[in-house]
**Student:** 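Please see the structure below; I have some questions.
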Amino acid sequence: MNGPHNAKTADPGDGIVVVGNGMAGSRLVSEIRARDPEVPLTVFGAESRQPYNRVLLSNVLSGATEAGHIGLVDEAWYGAHDVDVRRGVEVTRIDRLARRVHASDGTATSYGTLVMATGSRALVPPIPVVGADGGPRGGVAEEPPYGVVAFRTLDDCRDILEAAGGARHAVVIGGGLLGIEAARGLVGRGLEVTVLHLAGHLMERQLDPEAGKVLARTLGRLGIRARLDTQTAALRTAPRPGGDTGGGSSAGPASRVTGVELAGGEVLPADLVVLACGVRPEVELARASGLAVDRGIVVDQTLTSVTDPSVRAIGECSQYGDTVYGLVAPAWEQAAVLADLLTGTDAAARYTGSRQVTRLKAASVELAAMGETHHDPFDEDVEILQFADIARGTYKKVVIRGGRLIGAILLGETSMSGTLTQLYDRAAPLPSDRLSLLFQGLGGPAAADSPVRMPDAATVCHCNNVTKGKIRACWQQGARTIEAVSARTRAGTGCGGCRDAVEGIVGWLDEQESADV
């Protein structure tokens with residue numbers, strides 16, 4: 001269902017057109033409206049749904065959160081704020097000379113500024129599909145059999161859960177962050193789960209081999225088997241009763257997955273295969289329109305395309321320097337900077353890159369990783385602190401250069417994550433007793449996870465850049481519950497990893513008030 005078209009914003013002229021209504025695009029629209037209630041604003045979204053928090057899809061998969069509870073913008077918001085939203089409408093062509101976008105619904109919309117927020121798409125590898133007799137049946141990228149789903153959208157969650165309902169054996173292809181979250185959600189629903197990963201250890205982008213080993217053992221205790229250095233050769237299938245046999249019916253694929261064949265010939269039983277093989281920036285529209293594209297749409301510090309000053313780009317489709325950011329916090333930082341620039345709120349605003357903190361959102365698995373976790377063992381300028389207790393599933397590592405924290409891994413016990421994140425964000429001086437960075441109670445910096453000790457300047461919600469001081473001010477203005485604080489500050493509405501900290505601060509403020517009385 002498409003959104004409303006109104007005369008005021010149907011042809012914005014010098015207005016703003018946003019292509020993409022996901023986490024980056026919807027945040028930009030709300031940031032612009034918070035600063036300027038009148039600038040003509042049109043947003044196109046390929047998905048027909050209201051924008052939702054993609055970070056929480058793993059919670060939907062596990063059953064911890066209902067699909068209806070991860071929305072970002074209420075449907076009535078657009079009409080109340082005079083935003084022309086085109087849900088389920090794709091932009092098919094950009095005419096940069098005429099400054100006009102052409103859409104799948106046949107409309108042509110003019111723009112003064114065009115913002116590309118097209119995000120990324122799931123990478124579907126060219127895995128061959130074979131029948132029970134070993135005969136070829138095409139490739140998974142062309143027509144996936146029933147039970148084979150790429151994990152990227154809310155619709156994907158629906159399809160995975162539908163297939164999981166009648167499944168016993170699940171195989172997750174990809175041992176990165178999303179793959180592990182998917183595996184944890186499925187094993188929690190009673191399936192036997194195996195993760196297949198090409199690399200030698202899990203989450204190799206964020207973790208070193210030692211941490212990957214501890215994580216694999218932790219997952220093993222939860223019932224998740226990890227197969228490393230493993231390549232998928234083919235998907236085995238069988239005819240699916242009631243499936244489409246070529247007549248173009250709506251009964252779905254004619255075949256269903258029955259197993260995963262490995263490169264060595266071994267076949268793993270599988271009623272459900274989840275593809276979590278990574279993502280690629282969605283840049284084909286930008287490339288077709290002649291914009292400079294490397295891995296993402298190349299932008300400068302004002303998030304302007306280096307090709308066209310009337311085009312901006314944010315989120316997973318954009319590339320600043322050599323980096324394409326794949327986390328929510330950088331996308332939302334970019335949205336705030338761009339909103340300042342487009343509305344004239346702060347003409348000096350600049351985006352200079354983001355410090356990335358990764359948190360795994362999987363029940364019974366605590367993990368936080370930040371910065372440079374891989375290092376040259378022969379680099380004499382790097383100082384490393386490590387602690388591992390494989391039996392207990394604990395691994396801690398701190399990477400220091402020039403007296404500053406440049407990276408850290410906390411697995412299994414993350415009580416110091418708040419403190420380390422602050423030190424990393426601020427490039428603050430470190431205590432002389434380095435062990436205090438790994439263990440509480442050894443002196444050094446106060447534990448940032450304690451609401452009492454945390455300074456007001458400490459960032460609690462990194463996705464939305466909310467400090468303890470902002471939460472305190474919001475509480476003093478009458479927001480006395482975590483729901484009210486989150487509604488006003490957005491704390492806890494990103495990855496959800498800070499929700500316990502926000503709740504702790506609100507509870508501590510309540511206790512302080514009671515004590516004063």
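Nothing here was measured: the structure is a model prediction, and the numbers come from that model.
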**Student:** Drop me the distance from R189's CZ to L186's CG, to the nearest 0.5 angstrom.
**Tutor:**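 If I round to the nearest 0.5 Å, the distance is 8.0 Å.
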
**Student:** What closest approach, in Å, do G174 and H197 show between heavy atoms, and which atom pair accounts for it?
**Tutor:**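 That closest heavy-atom pairing would be C-ND1, 3.9 Å.
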
**Student:** If you measure from CD1 on I297 to OG on S318, what distance do you get to the nearest 0.5 Å?
**Tutor:** 7.5 Å

**Student:** Taking C-beta and beyond as the side chain, do Y424 and I406 meet within less than 4.5 Å on heavy atoms?
**Tutor:**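 They are not in side-chain contact.
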
**Student:** Using the test ring-ring contact (aromatic ring centres under 6.0 Å, His included), find all partners of H374 that sit at least two apart in sequence or belong to another chain.
**Tutor:**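 Result, ring-ring contact (aromatic ring centres under 6.0 Å, His included) vs H374: none returned.
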
**Student:** Find out whether V299 and V311 are in side-chain contact, i.e. whether some heavy atom of one side chain is under 4.5 Å from a heavy atom of the other.
**Tutor:**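 The answer is no; the side chains never approach within 4.5 Å.
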
**Student:** What closest approach, in Å, do H201 and L207 show between heavy atoms, and which atom pair accounts for it?
**Tutor:** NE2-O, 2.9 Å

**Student:** Hey, which of T118, V101, N21 is the one that makes side chain to side chain contact (heavy atoms under 4.5 Å, CB included) with F44?
**Tutor:** V101

**Student:** Step by step, would you call E210 with V214 a side chain to side chain contact (heavy atoms under 4.5 Å, CB included)?
**Tutor:** CA-CA 6 Å; E210 293 85 351; V214 175; 5.9 Å; no

**Student:** Within the structure provided, determine whether V115 and V19 are in side-chain contact (heavy-atom separation under 4.5 Å).
**Tutor:**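 When only atoms from C-beta onward are counted, V19 and V115 do not touch, as no gap falls below 4.5 Å.
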
**Student:** Roughly how far, to the nearest 0.5 Å, is the OG1 atom of T218 from the CG atom of L367?
**Tutor:** 9.5 Å

**Student:** Could you tell me if S354 and E333 have a donor-acceptor pair between their side chains, going purely by distance under 3.5 Å?
**Tutor:** yes

**Student:** Does the distance from a Lys or Arg side-chain N to an Asp or Glu carboxylate O, for E75 and R87, drop under 4.0 Å?
**Tutor:** yes

**Student:** Is the shortest side-chain heavy-atom distance between L114 and S310 below 4.5 Å?
**Tutor:**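 SC-SC contact between L114 and S310 ruled out.
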
**Student:** Is a side-chain donor or acceptor of R54 paired with a backbone partner of M23 at a separation under 3.5 angstrom?
**Tutor:** no

**Student:** Looking at side-chain heavy atoms only, is the closest gap between I70 and T65 below 4.5 Å?
**Tutor:** yes

**Student:** Between T343 (side chain only) and A339 (backbone N and O only), is there a donor and an acceptor less than 3.5 Å apart?
**Tutor:** yes

**Student:** Please say whether more than 12 non-hydrogen atoms of neighbouring residues, nucleotides or ligands are located less than 6.0 Å from CZ in R287.
**Tutor:** yes

**Student:** Taking atom types as modelled, is there a side-chain donor on R312 or T304 under 3.5 Å from an acceptor on the other?
**Tutor:**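 Result is yes, a qualifying pair exists.
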
**Student:** Quick check: does any side chain N or O of D294 sit under 3.5 Å from a backbone N or O of G296, one acting as donor and the other as acceptor?
**Tutor:** no

**Student:** Go through the steps to decide whether L198 and D229 satisfy the test side chain to side chain contact (heavy atoms under 4.5 Å, CB included), and finish with yes or no.
**Tutor:** CA-CA 5 Å; L198 272 172; D229 290 313; over 6 Å; no

**Student:** Could you measure the distance from the CZ atom of R295 to the OG atom of S120? Nearest 0.5 Å is fine.
**Tutor:**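 So the CZ of R295 and the OG of S120 are separated by 12.0 Å.
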
**Student:** Could you tell me whether the side chain of Q334 and the main chain of G315 form a donor-acceptor pair under 3.5 Å?
**Tutor:**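 Such a contact is found between Q334 side chain and G315 backbone.
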
**Student:** For I32, does its backbone N or O pair with a side-chain atom of D36 as donor and acceptor, under 3.5 Å?
**Tutor:** no

**Student:** Please report the C-alpha distance between H81 and V29 in whole Å, then the side-chain angles of each, then the deciding distance to 0.1 Å, and finally whether the side chain to side chain contact (heavy atoms under 4.5 Å, CB included) criterion is met.
**Tutor:** CA-CA 10 Å; H81 291 82; V29 169; over 6 Å; no

**Student:** Quick check: closest heavy atoms across R33 and V83, and the distance to 0.1 Å?
**Tutor:** NE-CG2, 3.8 Å

**Student:** Would you please name every residue forming a ring-ring contact (aromatic ring centres under 6.0 Å, His included) with Y320, sequence neighbours left out?
**Tutor:**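 Only Y351 meet the ring-ring contact (aromatic ring centres under 6.0 Å, His included) criterion with Y320.
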
**Student:** Looking only at heavy atoms, which two atoms of G175 and V195 are closest? And how far apart?
**Tutor:** CA-CG1, 3.8 Å

**Student:** For A349 and L341, which heavy atoms make the closest approach, and how far apart are they?
**Tutor:**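 Shortest heavy-atom contact: O-CD2, 3.4 Å.
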
**Student:** Donor-acceptor pair, K397 side chain versus Q386 backbone, under 3.5 Å?
**Tutor:**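 No.
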
**Student:** Over all heavy atoms of both residues, which pair between V18 and L41 is shortest? Give the atoms and the distance, please.
**Tutor:** CG2-CD1, 4.3 Å

**Student:** Rounded to the nearest 0.5 Å, what's the gap from NZ on K361 to CD1 on I180? Could you check?
**Tutor:**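 Rounded to the nearest 0.5 Å, the NZ-CD1 separation comes out at 11.5 Å.
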
**Student:** Testing R434, R401, H375 for side-chain hydrogen bond (donor to acceptor under 3.5 Å, both in side chains) with E383, which one passes?
**Tutor:**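 Single pass found, and it is R434.
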
**Student:** Is there side-chain contact between V43 and D84, with at least one heavy-atom pair below 4.5 Å?
**Tutor:** no

**Student:** State, with a plain yes or no, whether a side-chain heavy atom of L72 is found less than 4.5 Å away from one of R27.
**Tutor:**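 No, their side chains stay 4.5 Å or more apart.
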
**Student:** Do T42 and I16 make a side-chain contact, defined as non-hydrogen atoms from C-beta onward lying under 4.5 Å apart?
**Tutor:**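 Of all side-chain heavy-atom pairs linking I16 with T42, none is under 4.5 Å.
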
**Student:** Will you find, in the side chains of S415 and E413, an N or O donor that is under 3.5 Å from an N or O acceptor?
**Tutor:**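 Distance-only check passes for S415 and E413.
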
**Student:** For K213, does the NZ atom sit with more than 12 other heavy atoms under 6.0 Å from it, leaving out its own atoms?
**Tutor:**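 Incorrect, the count does not exceed 12.
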
**Student:** With a 3.5 Å distance limit and no angle check, can you tell me whether E282 reaches the backbone of G119 through a side-chain donor-acceptor pair?
**Tutor:**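 It does not hold such a pair.
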
**Student:** Tell me whether R404 at atom CZ has more than 12 heavy atoms from other residues, nucleotides or ligands lying less than 6.0 Å away.
**Tutor:**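 Yes - once you tally the heavy atoms of other residues, nucleotides and ligands closer than 6.0 Å, there are more than 12.
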
**Student:** Quiz question: by atom type and distance under 3.5 Å, do the side chains of T153 and D155 form a donor-acceptor pair?
**Tutor:**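 The criterion, which ignores hydrogens and geometry beyond distance, is not satisfied for D155 and T153.
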
**Student:** Take a 6.0 Å sphere around CG of D322 and say whether it holds more than 12 heavy atoms from other residues, nucleotides or ligands.
**Tutor:**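 No.
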
**Student:** Determine yes or no for a side-chain-to-main-chain donor-acceptor pair under 3.5 angstrom, with S26 supplying the side chain and P51 the backbone.
**Tutor:** no

**Student:** If you measure only the distance, is there a donor-acceptor pair under 3.5 Å linking the side chains of R355 and T421?
**Tutor:** no

**Student:** Give the intermediate values and the outcome of side chain to side chain contact (heavy atoms under 4.5 Å, CB included) for residues Q477 and W475.
**Tutor:** CA-CA 5 Å; Q477 293 166 7; W475 181 89; over 6 Å; no

**Student:** Distance-only, no hydrogens or angles: does the R35 side chain make a donor-acceptor pair with backbone N or O of E31 under 3.5 Å?
**Tutor:**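 At least one qualifying donor-acceptor pair exists.
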
**Student:** What distance separates I409 CD1 from M370 CE, expressed to the nearest 0.5 Å?
**Tutor:** 10.0 Å

**Student:** Report yes or no: do Q319 and Y325 form a side-chain donor-acceptor pair below 3.5 Å?
**Tutor:** no

